[in-house]
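Working notes, structure below.
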Protein chains: 2
Amino acid sequence: MQLEEAKANFIQEWGTLGSKWGINRTMAQVHALLLISPESLSADNIMEELNISRGNANMNLRALIDWGLIRKARKPGERKEFFYAEKDLWKVARQVMKERKRRELEPLQQVLDELKRVEAVEPEEIEFKKMMMDLSEFTNTAEYALDRMIQSEQKWMFDTFIKFLGQKNKDN
Amino acid sequence: MQLEEAKANFIQEWGTLGSKWGINRTMAQVHALLLISPESLSADNIMEELNISRGNANMNLRALIDWGLIRKARKPGERKEFFYAEKDLWKVARQVMKERKRRELEPLQQVLDELKRVEAVEPEEIEFKKMMMDLSEFTNTAEYALDRMIQSEQKWMFDTFIKFLGQKNKDN
DNA sequence: ATGATTTTTCTGAAATTTCTGAAAGTTCAT
DNA sequence: ATGAACTTTCAGAAATTTCAGAAAAATCAT
């Protein structure tokens with residue numbers, strides 16, 4: 001397979017994957033393109049490579065910066081802005097966890113804290129309240145686990161986690 | 001807050017969260033409704049509660065069954081089918097991991113295995129190949145970790161994981 | 001301060017996804 | 001075998017998301 005074909009395939013695949021995770025397809029494609037570029041790219045480069053408009057490119061570059069997945073750079077002598085992606089995938093993973101936690105988990109927890117205050121007398125009320133409390137416990141544990149993963153600096157995080165579970169599961 | 005209001009809020013919130021994760025909003029709402037119902041519900045119940053059409057209800061119920069998140073039940077004497085959700089949230093989480101792994105991670109790995117075979121001489125080719133190999137390593141580790149989590153039967157999974165990380169991180 | 005260059009915003013259009021409702025299909029008691 | 005009860009399918013409609021392109025704003029060299 002030639003490089004150009006391989007690049008196109010990867011960009012397409014990453015875009016598809018993104019959309020399955022609620023991420024705008026173009027945003028994921030821009031990210032893919034920057035992940036595989038040795039040099040940082042300008043908005044014009046990206047527009048050309050992906051055949052998208054200036055407005056679209058700008059919007060998605062902005063969103064990627066907002067997610068902390070890419071950064072702006074200036075090239076000496078150039079007036080344009082250039083963009084490059086964080087390429088350490090463990091950092092990328094941690095950054096995504098961090099953002100999703102902030103944007104989704106924390107607001108959910110607030111809502112659950114409200115909802116679990118419902119008065120519970122009827123079976124339906126009791127069931128509802130119990131589920132809210134279970135969810136609350138679940139999200140709290142998940143939050144704590146995420147915090148640990150986000151803080152951890154090493155890629156061995158998962159490796160050791162796996163080894164650990166391997167041992168513990170013998171007790172079952 | 002009254003139960004009816006609380007239920008509506010929860011269903012709405014779960015739907016919104018779902019759509020941020022690439023899950024059809026109505027599908028998430030049907031799931032939410034079943035999560036908080038002490039009794040199993042018929043398609044008609046669900047249509048009425050959520051104000052959706054029969055076709056829509058049917059489609060999303062099937063999808064939820066397909067994801068392994070709800071099941072059919074028959075009530076004695078009744079001809080209709082009834083539906084109920086798995087309510088153990090740790091089981092739900094594991095089931096979602098299992099399905100996303102199968103549907104998304106495994107296909108990605110296949111693609112990466114192809115792409116990392118690209119010939120690498122030019123800097124751009126070398127960068128590309130390196131990223132494909134990094135991604136491949138990353139997804140393999142993730143797959144292994146997921147398998148462990150999916151197999152694990154206990155909710156203490158995360159708790160102990162956390163404790164473990166807490167210790168290890170002191171070495172940094 | 002000026003104007004050339006680049007970035008950002010915004011609106012209507014296009015594309016995609018989701019939904020409805022009716023028709024077709026299935027199941028089951030008789 | 002029939003038909004009532006229920007489920008599934010599907011084509012067109014509706015809703016939502018994404019996008020292009022032009023206009024506005026910002027930036028920078030002079």
Side-chain angles (χ1 to χ4, degrees), chain A residues 11-34 39-67 70-84 103-104, chain B residues 11-34 39-67 70-84 103-104:
Chain A
I11 289 167
Q12 141 73 26
E13 184 70 18
W14 206 241
T16 303
L17 199 64
S19 59
K20 286 188 189 162
W21 281 82
I23 286 147
N24 173 306
R25 183 214 290 288
T26 305
M27 180 170 153
Q29 288 181 334
V30 173
H31 187 223
L33 178 60
L34 289 172
E39 303 293 333
S40 56
L41 301 179
S42 69
D44 289 277
N45 294 150
I46 291 162
M47 286 162 61
E48 196 184 355
E49 286 270 355
L50 301 180
N51 273 290
I52 60 174
S53 73
R54 185 171 301 284
N56 196 8
N58 184 271
M59 248 181 38
N60 286 298
L61 284 167
R62 176 164 267 304
L64 282 166
I65 289 171
D66 211 49
W67 273 83
I70 69 172
R71 288 166 178 276
K72 285 184 185 179
R74 322 276 325 194
K75 279 193 185 176
E78 289 269 19
R79 186 121 161 231
K80 281 180 183 152
E81 287 175 331
F82 289 78
F83 302 89
Y84 64 95
R103 295 168 192 226
E104 293 153 23
Chain B
I11 289 168
Q12 140 72 27
E13 185 69 20
W14 205 241
T16 303
L17 198 65
S19 60
K20 286 187 189 162
W21 282 81
I23 286 147
N24 174 304
R25 195 227 298 254
T26 305
M27 181 169 152
Q29 288 181 334
V30 173
H31 187 223
L33 177 60
L34 288 172
E39 302 293 332
S40 57
L41 301 178
S42 68
D44 290 276
N45 294 151
I46 291 162
M47 287 162 59
E48 196 184 354
E49 286 270 355
L50 302 180
N51 273 290
I52 60 175
S53 72
R54 184 171 301 285
N56 196 9
N58 184 269
M59 247 181 38
N60 286 300
L61 284 167
R62 299 184 112 280
L64 282 167
I65 288 172
D66 213 49
W67 273 83
I70 68 172
R71 288 167 179 274
K72 286 184 186 180
R74 323 274 328 191
K75 280 194 184 174
E78 290 269 18
R79 185 117 163 233
K80 280 181 184 150
E81 287 175 333
F82 289 79
F83 302 89
Y84 65 96
R103 295 167 192 227
E104 292 152 25

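Here is the naming used below: chain letters follow the sequence lines, and residue numbers restart at 1 for every chain. These numbers come from the heavy atoms of this one structure, side chains and all, not from hydrogens, waters or symmetry mates.
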[X] vs [Y] side-chain heavy atoms within contact, under 4.5 Å:
X     : Y     : result
B/N45 : B/E39 : no
B/L41 : B/F83 : no
A/F82 : A/S42 : yes

What is the distance from [atom1] of [X] to [atom2] of [N], rounded to the nearest Å?
X     : N      : atom1 : atom2 : answer
A/Q29 : D/dT18 : CD    : C1'   : 12 Å
B/R74 : C/dT27 : CZ    : P     : 10 Å
A/N60 : D/dA20 : CG    : C1'   : 13 Å
A/M47 : D/dC19 : CE    : C1'   : 13 Å

When the C1' atoms of the five terminal pairs at each end define the local axes, what inter-axis angle does the helix from C/dA1-D/dT30 to C/dT30-D/dA1 show, to 10 degrees?
-> 30°
Contact letters for nucleotides 4-18 of chain C, in which S counts primed atoms plus P, OP1 and OP2 and B counts the base, heavy atoms under 4.0 Å | BBSBBB--------S
Please confirm whether the backbone N or O of A/N56 pairs with a side-chain atom of A/N60, one donor and one acceptor, at under 3.5 Å?
-> yes
Give a yes or no on whether the backbone of A/R79 and the side-chain of A/R74 come within a donor-acceptor separation of less than 3.5 Å.
-> yes
Is the shortest side-chain N to carboxylate O distance from A/E81 to A/K72 below 4.0 Å?
-> yes
Distance-only criterion, 3.5 Å: show the donor-acceptor pairs between side-chain atoms of residues 23-32 of chain B and protein atoms not counting sequence neighbours.
{"residue": "B/N24", "atom": "OD1", "partner": "B/T26", "partner atom": "N", "Å": "2.7"}
{"residue": "B/N24", "atom": "OD1", "partner": "B/M27", "partner atom": "N", "Å": "3.1"}
{"residue": "B/H31", "atom": "ND1", "partner": "B/W14", "partner atom": "NE1", "Å": "3.4"}

Distance under 6.0 Å and angle within 45° of ring axis: A/R103 vs A/W67 | yes
